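To start, the structure itself, in structure tokens.
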Protein chains: 2
Amino acid sequence: MEHRSDGIAKAITRAIVNKRLAPGCKLSEQTLADVFKVSRTVVRQAIIKLTEDGLVTIERNRGAYVSTPSYRDAVEIYDALTILEQGVAAQLAGRLDARSWSELRRHVELQHKAVEEHQDGLADQLGSGFHELLIKFSNNSVVQAMHSQLIRRTSLLRFLVDSRFDYCGLLHDHAVLVDLLEEGQVAEAQKLIDEHHRTVVRGYLLDMERIPKMSAREALAPFVEAATEGGPPG
Amino acid sequence: MEHRSDGIAKAITRAIVNKRLAPGCKLSEQTLADVFKVSRTVVRQAIIKLTEDGLVTIERNRGAYVSTPSYRDAVEIYDALTILEQGVAAQLAGRLDARSWSELRRHVELQHKAVEEHQDGLADQLGSGFHELLIKFSNNSVVQAMHSQLIRRTSLLRFLVDSRFDYCGLLHDHAVLVDLLEEGQVAEAQKLIDEHHRTVVRGYLLDMERIPKMSAREALAPFVEAATEGGPPG
DNA sequence: TTGCGACGAATTGATACCCAATCTATGCAG
DNA sequence: CTGCATAGATTGGGTATCAATTCGTCGCAA
């Protein structure tokens, strides 16, 4: 961990991804400074980083809040994900070695098991993980950075819906996608990626209202020590 | 301009894009604080933003430097640009109104004139501008933000080469691309985008050595007042 | 009751000053 | 010329302070 503000930014990011810090939650500088036992200076630096990442929005003279993406934002984010993944798909189709294909398949199986065991949180995480793994095989750190930023942003979107996803269908998409890619069927794979993301967006009916509310202090509690030391908790 | 650090970050960005601040140039906190007449705190915030943007690299306990991208970085950045533009091309092909196509053509003409008049700087800027205009028509601010970040990064790459670009060929590509897109020939357009960027990367022979050197103080001089007030100079 | 303005508390944006840790350069001894 | 030690400069971070802004509350008039 380079700077103290990096650790804090990552802790807050984890709190968001783990669905503890909800959109709209106020991130008061003094509160965060107390929670993480650092000065306001460092907290501000962390908030700036989160703002650049799109997870936090600063309102001048009012403070920082966890971003509340609009429906339009959701569409744009998934559109961007589609473009990136289609592009990478075109590069990878029929070009990975056997180990890589089986790694992808193993990942799908893991998620399958998580879904069967009703471990929703884990299944969610593995779902995004599949897309990230796919991108990783592109071997392009620039594309990877943009993609994982988008994935982080999608975790904000999941707050704004209560619709149960059709995990089964989405999971099946993943399995089919690996098959198509291994066979080198680029066009079909790209079409599937597009439909896959459209399905996800359709699930977001933007029940903008009832967002679980928890103070930043409570939400961050499990992530505090990880910010100053080494390993993440959950 | 929201915060003071935003103005400073933008000023430094302009200095880089205008080829005054070269890769490797040290950005000393105290120097920048003097130049912009602000406290070190604000300078640090600006530097953090530039770091998130990939234009600046912080070396712990050593300071901030304008990033010096490697050849690999160059390839990855243009690869990412290719993916984004191919994706947007697929969306736009045959789907814009007449005004938009003519706006693109007018842009190509402008650059044509700049090249004829040997206004290299302007031609360069219009060259990137064409790609940005194309992306703008996607109407997706997320994609647009990622793309313009990549474009900013390419301005770092142009420091590391002295090879004369084949402006004529690249310009011709732009003209052809508009035709292909208007006719809805997606596959051909995507292929052209790929080749176009490959041509550009080939121009980067990475003459890593001779980089024009100028102190941050000199380089930033023309951009200082714009940081605290309103309008940009160049 | 409703609407409006004034006042006060709390928060942010920014500055100055401080100090420890670390890096760099200088100069000296061998 | 090489290796090392010391001194100086720079960074990372903390504390205190202050103006500006926002927001909530209170009181008052219609």
Side-chain angles (χ1 to χ4, degrees), chain A residues 1-12 21 24-52 55-68 213 215-220 224-230, chain B residues 1-12 21 24-52 55-68 213 215-220 224-230:
Chain A
M1 205 70 55
E2 289 274 331
H3 293 180
R4 223 174 273 227
S5 55
D6 289 324
I8 293 171
K10 282 183 184 155
I12 295 176
L21 261 180
C25 181
K26 166 122 200 210
L27 299 174
S28 149
E29 296 184 357
Q30 193 57 58
T31 304
L32 294 182
D34 294 345
V35 168
F36 290 105
K37 298 199 179 63
V38 293
S39 66
R40 268 178 61 207
T41 313
V42 174
V43 168
R44 286 181 72 93
Q45 290 168 0
I47 286 177
I48 288 175
K49 287 172 193 179
L50 293 166
T51 302
E52 297 289 306
L55 294 180
V56 163
T57 304
I58 294 177
E59 296 176 30
R60 189 160 221 277
N61 284 320
R62 293 205 49 247
Y65 299 80
V66 178
S67 295
T68 305
K213 49 169 154 282
S215 75
R217 185 171 252 119
E218 297 173 75
L220 288 168
V224 173
E225 31 186 278
T228 59
E229 298 162 24
Chain B
M1 205 69 56
E2 287 275 331
H3 292 177
R4 225 172 270 227
S5 56
D6 288 325
I8 293 172
K10 282 184 185 156
I12 295 176
L21 261 181
C25 181
K26 166 121 200 208
L27 299 174
S28 151
E29 296 184 356
Q30 192 57 58
T31 305
L32 294 182
D34 294 345
V35 167
F36 290 105
K37 298 197 179 62
V38 294
S39 65
R40 266 179 62 208
T41 311
V42 174
V43 168
R44 287 179 71 89
Q45 290 167 1
I47 286 177
I48 288 174
K49 288 173 192 178
L50 293 165
T51 302
E52 298 288 307
L55 294 179
V56 163
T57 304
I58 293 177
E59 296 176 31
R60 190 161 222 279
N61 284 320
R62 292 205 50 247
Y65 298 81
V66 178
S67 296
T68 306
K213 50 169 152 283
S215 75
R217 187 171 250 120
E218 298 173 76
L220 287 168
V224 173
E225 31 185 278
T228 58
E229 299 162 24

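Naming: A, B, ... by sequence-line order, numbering from 1 per chain. The structure presented is a predicted model; accordingly, all values stated were derived computationally and were not measured.
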> To the nearest 0.5 Å, what is the distance between OG (B/Ser39) and CZ (B/Arg44)?
Replying inline: 11.0 Å
>> I need the A/Ile48 CD1 to B/Ile47 CD1 distance, nearest 0.5 Å.
In response: 11.5 Å
Whole angstrom value for the distance that separates [atom2] of [N] from [atom1] of [X]:
X: A/Ile48; N: C/dT12; atom1: CD1; atom2: P; value: 13 Å
X: B/Glu59; N: D/dG12; atom1: CD; atom2: C1'; value: 15 Å
X: A/Asp6; N: D/dG12; atom1: CG; atom2: P; value: 11 Å
X: B/Phe36; N: C/dT15; atom1: CZ; atom2: C1'; value: 18 Å
X: B/His3; N: D/dT21; atom1: NE2; atom2: C1'; value: 12 Å
X: B/Gln30; N: C/dA16; atom1: CD; atom2: P; value: 10 Å
X: A/Glu29; N: D/dT15; atom1: CD; atom2: P; value: 15 Å

Proximal nucleotide (of [options]) relative to the [X] side chain:
X: A/Val42; options: D/dG13, D/dT11, C/dA14; result: D/dG13
X: A/Arg62; options: D/dC23, C/dT15, C/dG13; result: D/dC23
X: B/Arg60; options: D/dT15, D/dG12, C/dT15; result: D/dG12
X: A/Arg4; options: D/dG14, D/dG12, C/dG13; result: D/dG14

> Hey, is the side chain of B/Arg44 poking within less than 4.0 Å of OP1 or OP2 on C/dT15, counting only N and O atoms?
Replying inline: no
>> Less than 4.0 angstrom between a side-chain N/O of B/Lys26 and OP1 or OP2 of D/dT11, yes or no?
In response: yes
>> Please compare A/Arg40 and A/Asn61 by the position of their nearest nucleotide in DNA chain D and report the one closer to 5'.
In response: A/Arg40
> If you measure from the Lys or Arg side-chain nitrogens to the Asp or Glu carboxylate oxygens, is any gap between A/Lys49 and B/Glu52 under 4.0 Å?
Replying inline: no
> Any donor and acceptor pair, going by atom type alone, linking the side chain of A/Arg60 with main-chain N or O of B/Glu2 inside 3.5 Å?
Replying inline: yes
